[in-house]
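Take a look at the structure set out below.
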Amino acid sequence: MSFDSIAPAATALPEAALHNFEHELVGSALLPRHNAYAAACASFERSVAHRPALVVKAGASEDVSAAVRFAGDHGLGVAVQSSGHGACVPADDSGLLLSTRELRGVRVHPGTRWARVHAGARWVDVLNATSRFGLAPLHCGALNSSAVSGLLGGGIGPLSRRYGQTADHVEEIRVVTADGSRLVTSAREDSGLFWGLRGGRGQLGVVTSATLELVPVPVVYGGTLTFDPADTQKVLTRYAQWVADVPDTVASRLSLRRLPALSAALRHANDPLVLQITVLDVEPGPTSEALLSPLLGAAPIVDGSLDRMPYAAAARDWDEPGQPVATLSRALVLRRLGKEALGAIASFAKLRGGHHFSLTLHHMGGALARRAVLPGAAGYFPGAEFALRTAVHLDHTQGVRAALQAQEALRTELAPWVYPKGSPGFLSGLDLGPAAARMAFGPSWDALRALKDLYDPTDMFRYEPSLNAAYGH
Ligand SMILES: Cc1cc2nc3c(=O)[nH]c(=O)nc-3n(C[C@H](O)[C@H](O)[C@H](O)COP(=O)(O)OP(=O)(O)OC[C@H]3O[C@@H](n4cnc5c(N)ncnc54)[C@H](O)[C@@H]3O)c2cc1C
């Protein structure tokens, strides 16, 4: 057991109860006065500042139920954080922040193609454990984010067009509910809760582990192509035409970023703006080269090429920049884009003023458009062609106001192409109202509310953008 000793209480929490609680933990409990408190609160998304009454750094799954019971006994809400890429609602002084970031265990069963992942296991941990068997999980883009958070939000990544969302390929989820019960949920046991967890975000309980399906994907054909940003309109137009006919095995994403952290080699001479298409055929064959070659002719290639590579290398290509950032982000699921929509996206990138931003247009369709065999609350997206995510980076103060205005203007301009449902995992701190949550959860909304009434009637898990507003907290 390792724990920080609790200093005389500077909080309303009774000291004796804190001491007893601390002795129950494998991990540690931290009050605001402790040196390690700030680091334990820190999120990858630095625009969100958690300031809870107490942080519990879970050292084992048992700490999760102990923390939930302690919170229940003392009237605290519970916020959960793994790496904090998806941090939206800060925990306040009526909350306990449960940090799962040290629970990074992964156990692979290559024969049955399942991996059991603990609450804090990141996609990079899962990929490292599975790639030597030629297997991969249905992971999200950011490899530093946790697999459990991915499945709670749906989970869209480079394998989704071929196989579907993370949430729809789960065998079992272990969860601690608001009353401290530890439940093993699956299609056979507590199947309603099992459904709701897979896309309902973290509002129904704290997941301690999940068993995820793995898919065989040893080698792929693809790569990242970098273009001159002056060719944005041309490349966007070619890309939007090209995706219309590609088979489900081909995944792709177009990104535009102006970020200080990007390698100087990738920046255009006068403007550190980078335009890239990342593409891969997950079942490479004789036709792969011909399938992907139209992208090479979209405009002159500044850097990059297409080749066969191990899947683990392709997954790193899809990864997001690895340093913690402060951003305000927006996401939209979109129908097939018209000429005006492509023009609006290209104009967003043209804004002058040196503002730092990222924009990603992720091709959807394929298995994402079809009902899964074992569907979860994240739903599916027939007729949706892209997910668009924009983020304005706040660290570089120059031009931030103009960039935020441009981000909102882009949403307005794209309104005619907006799909009637979003992805719960993409909700951000700008989406705290009920309209955004209803849109993200779409047809699952009523059933999720019924599950919330059943499993968390006092709204213990209230640090979520979604049902916060709906419950009037
Ligand atoms: C730059 C960027 C790129 C992204 N790209 C993609 C993408 O390609 N595809 C995609 O699907 N999503 C994407 N997302 C969304 C991302 O997958 C989610 O935000 C993900 O949940 C973040 O994982 P995390 O481990 O950092 O979670 P955290 O930020 O630690 O937690 C996110 C949410 O999950 C809840 N939560 C975390 N762990 C638990 C648990 N054990 N039990 C209950 N609730 C829990 C938290 O309460 C919190 O609300 C992206 C986000 C960012 C910022």
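First listed ligand is number 1; within each ligand, the first listed atom is number 1.
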For atom 43 (C) of ligand 1, the option (of S209, P424, A121, G205) bearing the nearest heavy atom: G205

Give yes or no for whether the N/O distance cutoff of 3.5 Å, strictly under, is met between [X] and ligand 1.
{"X": "G150", "answer": "no"}
{"X": "A119", "answer": "no"}
{"X": "H85", "answer": "yes"}
{"X": "E464", "answer": "yes"}
{"X": "E320", "answer": "no"}

Protein contact of atom 45 (C) of ligand 1 - nearest heavy atom, named by residue and atom, plus distance: L152 CD1, 3.3 Å

Going by the atom numbers of ligand 1, which of them fall below 4.0 Å from some non-hydrogen atom of [X]?
{"X": "V206", "result": "42 (N), 43 (C)"}
{"X": "Q81", "result": "30 (O)"}
{"X": "I156", "result": "7 (C), 8 (O), 9 (N), 10 (C), 11 (O)"}

F386 and M364, any side-chain heavy atoms less than 4.5 Å apart: no

Name of the residue among Y163, W318, Y311 meeting ring-ring contact (aromatic ring centres under 6.0 Å, His included) with H139: Y311

Working for side-chain contact (heavy atoms from CB on, under 4.5 Å), residues L361 and L236: CA-CA 10 Å; L361 200 55; L236 254 175; 3.9 Å; yes

cation_pi(R198, F194) dist<6.0 Å, angle<=45: yes

